[in-house]
Amino acid sequence: MTHSATTISSLLSTTPLDLTPYEALYKHFHAHPELSRQEKHTSEKLAAHLTQLGVFDIHTHIGGYGLAGVFRNVTDESKSNQTVLLRADMDALPVKELTNLPYASTTTMLDTDGNDRPVMHACGHDMHITCLLAAAETLVKLRDAWSGTLIVLFQPDEERGGGAQAMVDDGLYSRIPVPDVVLGQHVMRMRAGSVASREGAIMAAADSMKITVFGRGGHGSQPHQTVDPVLLAAHIVVRLQSIVSREINPADLAVLTVGSLQAGQTENIIADRAEIGVDFRSVRLEVREQIIEGIKRIVQAECLASGSPVSPVFTPTRRFPPTVNDGDVARRVAETFAGHFEDFDPDVPRTNIAEDFSTLATCRGIPSCFWLLGGVDQEVWDRAEKEGKVEEIPGNHSALFAPVVQPTLRTGVDALCLAALTFLRK
């Protein structure tokens, strides 16, 4: 541990922040989730809290309900004028919560198709925004120990993969300073109190698309007079599995999942179309293009083989870029984390989960670093690990996903502060 890392770690103990109000705030956010692109009340509450801190210039309605607070802590005597951006995402998922927590969500909202859906913070974004608010207050209290510009950014629409790009497209960096470094974190199925990161790719890229294939409908008793889209879709689903297993180099990361298959309404009627929902993951751009080419080739060939009367339609629905940590930034953050956290892994295995965080950096060629934060109760984790049942612990996007409030909150706040202070020095 270097002297610098020790100094940064010791700063947090000089002005400890009472997190009790933030524990209550976390429970509020958890009980009142909002779907992607509908984060109105969440955004308003975040802005109100930042306003109370008294030092942030607040910019709202960026790319939807996105907002950013800018704290310029710079004087004529400042030796450093670095600008650091800390990011948290705020949207929830259309999932019915089954945790039975006293603060469990019972919220429902209309989705983009007009359907009333249960809503839950099943990915931990409520923890992310609470950690960032508490980190903002901590860094304000520590203002005499650092100099530079701090940006706290709350991003909408991460789950659909469009929020970061929407903020950029809406002139984010014409409203706020361009940062020298972009930092962020994500709570995961890991032991609470643990932190993990790595140099290079830490999260995969992810794409989703809907594929519509067409048949010729008719009566189930006369299949010879129809082109059955269900049979066509079934052939496609099976054949798509060969892309990863037979076309992609095993040394490259590639995952392809058919997450939905919808056709018809009644048992004895052959429908006139089927819709297939596909999700695929990669790290290298060349592999992504290879997967897309394989999907289109297989679908088109199966449609031809089945005598489909209309060409298939490919509709991209989401795209997440790979999350790649800058080597120098990741090393500096890791050095600081290692001097503070007892449970820090600087070389965590890359995950296939995807994020759009990096868009906030790559759009301007800014170096960035992203790390993972444990949220599983320590006793639960230790018992499951001993029994070889860690995979049975509910993870992100599960209706049972429930990060333990502490020490998750304290660890997340400390991590954001430590990472920011690594670059904001006098």
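Note that the coordinates shown come from a computational prediction; the quantities given were computed from them, not determined experimentally.
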Can you tell me how far the [atom1] atom of [X] sits from the [atom2] atom of [Y], to the nearest 0.5 Å?
| X | Y | atom1 | atom2 | value |
| --- | --- | --- | --- | --- |
| Thr351 | Ile202 | OG1 | CD1 | 8.5 Å |
| Ile62 | Ile176 | CD1 | CD1 | 6.0 Å |
| Ile211 | Gln300 | CD1 | CD | 10.0 Å |
| Leu53 | Thr138 | CG | OG1 | 9.5 Å |
| Ser282 | Ile248 | OG | CD1 | 8.5 Å |
| Asp279 | Ser260 | CG | OG | 10.5 Å |

Atom CG of Asn115: over 12 foreign heavy atoms under 6.0 Å: yes
Under 6.0 Å from the CD atom of Glu342, do we count more than 12 heavy atoms belonging to anything else shown? no
Quick check: closest heavy atoms across [X] and [Y], and the distance to 0.1 Å?
| X | Y | result |
| --- | --- | --- |
| Asn396 | Arg189 | OD1-N, 3.8 Å |
| Glu34 | Met109 | CA-SD, 3.5 Å |
| Asp157 | Ser36 | OD1-CB, 3.3 Å |
| Ala134 | Leu19 | CB-CD2, 3.9 Å |
| Cys131 | Thr408 | SG-O, 4.5 Å |
| Arg160 | Phe320 | C-CZ, 4.0 Å |

With distance as the sole test, does [X] use its side chain to make a donor-acceptor pair with the main-chain N or O of [Y] at under 3.5 Å?
| X | Y | answer |
| --- | --- | --- |
| Ser306 | Cys303 | no |
| Gln241 | Val237 | yes |
| Asn325 | Phe370 | yes |
| Ser43 | Tyr65 | yes |
| Thr317 | Ser208 | yes |
| Thr362 | Ser358 | yes |
| Arg198 | Val348 | yes |
| Asp91 | Glu158 | yes |
| Ser105 | Val119 | yes |
| Asn73 | Trp146 | yes |

Between the side chains of [Y] and [X], is the shortest nitrogen-to-carboxylate-oxygen separation below 4.0 Å, so that they form an ion pair?
| X | Y | answer |
| --- | --- | --- |
| Asp228 | Arg216 | no |
| Asp345 | Arg191 | no |
| Arg72 | Asp57 | yes |
| Lys45 | Glu39 | no |
| Asp252 | Arg284 | yes |
| Glu379 | Arg383 | no |
| Arg331 | Glu199 | yes |
| Arg288 | Asp207 | yes |
| Arg319 | Asp356 | no |

Proximity of His186 and His128 rings by center, below 6.0 Å: yes
When the ring centroid of Phe56 is compared with that of His49, is the distance short of 6.0 Å? no
Mind checking whether [X] and [Y] have side chains closer than 4.5 Å, heavy atoms only?
| X | Y | value |
| --- | --- | --- |
| Ile270 | Val227 | no |
| Cys123 | Leu93 | yes |
| Leu421 | Leu139 | yes |
| Glu302 | Arg239 | yes |
| Leu416 | Leu132 | yes |
| Thr257 | Phe280 | no |
| Phe337 | Thr422 | no |
| Pro407 | Gln378 | yes |

Thr359 vs Gln165, side chain to side chain donor-acceptor pair (under 3.5 Å): CA-CA, chis, key distance, verdict: CA-CA 6 Å; Thr359 298; Gln165 189 64 55; 4.6 Å; no
Apply the test salt bridge (Lys or Arg N to Asp or Glu O under 4.0 Å) to residues Glu355 and Arg87: give CA-CA distance (whole Å), side-chain angles for both, the deciding distance (0.1 Å), then the verdict. CA-CA 12 Å; Glu355 258 274 359; Arg87 174 268 199 180; 2.8 Å; yes
Do [X] and [Y] have side-chain atoms, one donor and one acceptor, less than 3.5 Å apart?
| X | Y | value |
| --- | --- | --- |
| Glu247 | Gln290 | no |
| His30 | Glu97 | yes |
| His397 | Glu159 | yes |

Can you label the angle between the Tyr26 ring and the Tyr103 ring as parallel, tilted or perpendicular, going by 30° and 60°? perpendicular
Report the C-alpha separation of Arg117 and Thr108 in whole Å, then their side-chain angles, then the decisive distance to 0.1 Å, and conclude whether the side chain to side chain contact (heavy atoms under 4.5 Å, CB included) test is met. CA-CA 5 Å; Arg117 304 291 295 274; Thr108 62; over 6 Å; no
